[in-house]
Amino acid sequence: MFQHLFDSERARRKAMTAGQVVPDSVRCVQCGICSFNCPIGIDVRRHAWLGQAVINSRCLTCGECVARCPRGVLRFEHTDLFSEPK
């Protein structure tokens, strides 16, 4: 009955666990807010500057860098990095 209320949260969590943080380097102004808010201390700003996805084994995919970016530079993108081989 109330299960549909949690659909957006379920979709968000699934994207976070099956994805990686990907920057749009053209929009990045190198403010550093993403790196400042990373609880693990990953230099997300550097990844954004280089236009590289954050592929770091320590990344929690918590979404703090994505949520805190004032210009919307960062997003989650689906990856098959952790899927089981067929």
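Scope of the values below: all heavy atoms of this structure, side chains included, with no hydrogens, waters or symmetry mates.
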- Item | Separation of I55 CD1 from Q20 CD (nearest 0.5 Å) | 4.5 Å
- Item | Minimal non-hydrogen separation, N37 against E64, with atom names | O-CB, 3.6 Å
- Are any of the side-chain heavy atoms of C28 and P23 separated by less than 4.5 Å? no
- Does V66 belong to the same Ile/Leu/Val/Met/Phe/Trp/Tyr cluster as V73, with side-chain heavy atoms less than 4.5 Å apart forming each link? yes
- Message: Distance check, rounded to the nearest 0.5 Å: I33 atom CD1 versus C38 atom SG?
- Response: 14.0 Å
Which donor-acceptor pairs under 3.5 Å do side chains of residues 40-54 form with protein atoms, sequence neighbours excluded?
unit_1: D43; atom_1: OD1; unit_2: S35; atom_2: OG; d: 3.2
unit_1: D43; atom_1: OD1; unit_2: R46; atom_2: N; d: 3.3
unit_1: R45; atom_1: NH1; unit_2: Q30; atom_2: OE1; d: 2.6
unit_1: H47; atom_1: ND1; unit_2: A53; atom_2: O; d: 3.4

- F76 and V21: which non-hydrogen atoms are nearest, and at how many Å? CE2-CG2, 3.9 Å
- Query: Looking at C65 and L74, what are the two nearest heavy atoms and their distance?
  - Reply: O-CD1, 3.5 Å
